[in-house]
Amino acid sequence: MKHFSKGLFAGAVVGALTIATPQLHAATPRDQLVIGTSLAQVLSLDPHQATEGKAVEIMSNLYDRLVNSTPDGKIVPQLAESWKVDDKGITFTLRQANFASGNPVTSKDVVYSLGRLLKLDQAAAANLKRIGYDKTNVDKLVTAVDDKTVRIDFSGQVTAEMLLYRLTTSTTSVVDSVEVQKHVADNDWGNAWMRTHSAGSGPFTLNRWSPNELVILDANKDYVAGGPKMKRVIVRHVPESQVERLMLERGDIDIASALTASDLATFKDKQGFTIQRIPTGGFYVLSMNAGNQYLSNPKVREAIAYGIDYKGIEKTIMGPYGRARNVPVPENFEYAIPNPDWHLDVEKSKHLLAEAGFKDGFSLSLKTIAQTPRIDLATAIQASLAQVGIKIDIQQGNGSEIIAAHRARDFDLLIPQTSAYMPNVLGSMEQFSSNPDNSKEANNAGNFVWRSAWDIPELTALTAKASIEPGPKKRGELYVQMQKMFVEQKPAVLPLFERFEPIVLSSKVQGYVGHPTQLTRLEDVTKSETQ
């Protein structure tokens, strides 16, 4: 293995199991919540830049948005106390709230925040750019009617429901424009400062972030909905699963969220602990660079699809992390189609490679973040594809290296993960089925398909059509067509496993409800004295 490193929607908590513990040897303070996880992907805490899962989880407690989504997928007020939809847009009325600095939250802050997101024009902007909002039109489409009223006009490529769900994502967080503008340097919109500081109105503020070490959040006692129950939240970087398991058993941490399937299993039926398995609506994916001489061929991509032992990997490695599924829509979503007949078939895979002109096989590299469960998944794929004549060289690295390689199209194969921004086919699938401009010059690193250089104009057009279809029945028919077309084109972004987030909590922890899009809020979490 080569190292190139430089140094769950609908029923969001599924199968929560109350499960006795050995005598604890330590205890975290009652007014502090300590979480053990992997911080390898936390590259920035600027909400208009960062999109990685653990960063989202942290930022969702530093910032509020106009609207929020509940774990079961309902849209609820946050900074907007109400809104009205008409045929041209949505008008939001803001609640009385202050940022942690003491500055009032105004419509100007909302306009500034959405403008900043699109004018920074980083990967975080992709969710709004995909539906017609960009740096050239945001000043026209997002306006302040008065200090407490914001108007967002439709772009012509979006429905009200789709826009509202996008506004629940962490990338649309509202920042303190007065505070941020104090820290602008070289026209960077304050990004250098915002990467390591907070300027939000959420229930916590950022005390400290030490990359790949820890994040400390302090309670915002003046939060509009009341100060958090926890005085402090500490997120510790504990990438080694066995270490994290021992820390949880000893009481050094309250929550563990980066355990291997085998370590997770030790907490089943164990008094004093609770397991939550949260469906994300997303997937673990094998991204193939269609610019590669081999992977540009659909028969090769199909050969790879038949060269992976999904059921075996699900049983031995993924366990609570994933369920085998090769359509980028969870099987329990309305209008989800059945899985294609892709399974481990060595002879069929070899036959497809021969038809593509590569009967003797070839070699590829596979890049992955060294994080549970992806590194074990990469090893299993390596062993599986070796049976059909494809030699895999695994290259593992930290979050910044792998994410940068993905966004730069600098890979053969790579294992990313996705989530869904709304609980339906489009919310889960859109990032797999839309790539408006595949040219390298477009440099659209925020587009998941673009990163794989997979040109899909027909599927992109069909996705756009579904995005603005007002009729539920017709929209459902388009959803089915999208999935069928995706499978027929032998995708370069191959879903492997529907993704779940399993976490183990000390039974002392009360009120923690994992969110499918990792917008888990912590202000109502409490801790009892005994388990």
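Along the sequence shown, residues carry numbers from 1.
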Distance-only side-chain donor-acceptor flag, [X] / [Y], under 3.5 Å:
| X | Y | answer |
| --- | --- | --- |
| Ser210 | His237 | no |
| Ser433 | Thr463 | yes |
| Asn435 | Thr460 | no |
| Ser177 | Asp109 | yes |

**Request:** Anything under 30° is parallel, anything over 60° is perpendicular, the rest tilted; go ahead and classify Trp193 against His197.
**Result:** parallel
**Request:** Quick one: sort the Phe283 and Phe432 rings into parallel, tilted or perpendicular, breaks at 30° and 60°.
**Result:** perpendicular
**Message:** For Tyr310, give me all partners under ring pair (Phe, Tyr, Trp, His ring centres under 6.0 Å), at least two apart in sequence or on another chain.
**Reply:** none
**Item:** Which residues share a ring pair (Phe, Tyr, Trp, His ring centres under 6.0 Å) with Tyr284, sequence neighbours left out
**Value:** none
Nearest 0.5 angstrom please: [X] [atom1] to [Y] [atom2], how far?
| X | Y | atom1 | atom2 | value |
| --- | --- | --- | --- | --- |
| Thr70 | Leu519 | OG1 | CG | 11.0 Å |
| Leu385 | Ile390 | CG | CD1 | 5.0 Å |
| Ile304 | Tyr294 | CD1 | OH | 11.5 Å |

Considering all heavy atoms of both residues, which atom of [X] and which atom of [Y] are nearest to each other, and what is their separation?
| X | Y | answer |
| --- | --- | --- |
| Asn68 | Thr168 | C-CG2, 3.7 Å |
| Ile75 | Val67 | CG2-CB, 4.0 Å |
| Ser428 | Gln431 | O-NE2, 3.5 Å |
| Glu244 | Ala256 | OE2-CB, 3.1 Å |
| Ser452 | Ser287 | OG-CB, 3.6 Å |

**Prompt:** Taking it one step at a time, do Leu45 and Ser198 satisfy side chain to side chain contact (heavy atoms under 4.5 Å, CB included)?
**Reply:** CA-CA 8 Å; Leu45 291 177; Ser198 63; over 6 Å; no
**Message:** Working note: Leu364 + Leu295, criterion side chain to side chain contact (heavy atoms under 4.5 Å, CB included); need CA distance, chi angles, decisive distance, verdict.
**Reply:** CA-CA 10 Å; Leu364 296 171; Leu295 300 171; 4.0 Å; yes
Test: [X] and [Y] ion pair at under 4.0 Å:
| X | Y | value |
| --- | --- | --- |
| Arg521 | Asp64 | yes |
| Lys474 | Glu469 | no |
| Asp153 | Lys140 | no |
| Arg116 | Asp46 | yes |

**Message:** With a sphere of 6.0 Å drawn around NE2 of His351, does it hold more than 12 non-hydrogen atoms of other residues, nucleotides or ligands?
**Reply:** no
**Asked** Got a sec: does the CZ of Arg236 have more than 12 other heavy atoms crowding it under 6.0 Å?
**Response** no
**Message:** Set out, in order, the CA-CA distance, both residues' side-chain angles and the distance that settles side chain to side chain contact (heavy atoms under 4.5 Å, CB included) for Val425 and Arg475, then state yes or no.
**Reply:** CA-CA 10 Å; Val425 169; Arg475 190 165 60 241; over 6 Å; no
**Complete:** Of Ser419, Ser60, Pro71, the one forming a side-chain contact (heavy atoms from CB on, under 4.5 Å) with His515 is Pro71
**Item:** Steps toward side chain to side chain contact (heavy atoms under 4.5 Å, CB included) verdict (Arg195, Gln49)
**Value:** CA-CA 8 Å; Arg195 289 169 62 91; Gln49 178 182 45; 3.2 Å; yes
**Request:** Please answer whether the main-chain N or O of Ala199 pairs with a side-chain N or O of Tyr63 as donor and acceptor at a distance below 3.5 Å.
**Result:** yes
**Item:** With Ser38, the side-chain hydrogen bond (donor to acceptor under 3.5 Å, both in side chains) member among Lys54, Gln371, Glu240
**Value:** Gln371
**Message:** Between Tyr112 and Trp189, does the ring pair (Phe, Tyr, Trp, His ring centres under 6.0 Å) criterion hold? Intermediate values first, please.
**Reply:** CA-CA 10 Å; Tyr112 175 83; Trp189 290 88; 5.7 Å; yes
**Message:** Under the ring pair (Phe, Tyr, Trp, His ring centres under 6.0 Å) definition, can you give me all pairs with a residue in residues 376-409, not counting sequence neighbours?
**Reply:** His406-Phe411, His406-Phe448
**Message:** One pair to check against salt bridge (charged side-chain N to carboxylate O under 4.0 Å, His left out): Glu331 and Arg325. What are the steps and the verdict?
**Reply:** CA-CA 8 Å; Glu331 62 183 31; Arg325 174 78 170 154; 5.2 Å; no
**Request:** I would like to know whether Asp263 and Ser241 meet side chain to side chain donor-acceptor pair (under 3.5 Å); could you show each step before the answer?
**Result:** CA-CA 7 Å; Asp263 282 325; Ser241 178; 2.5 Å; yes
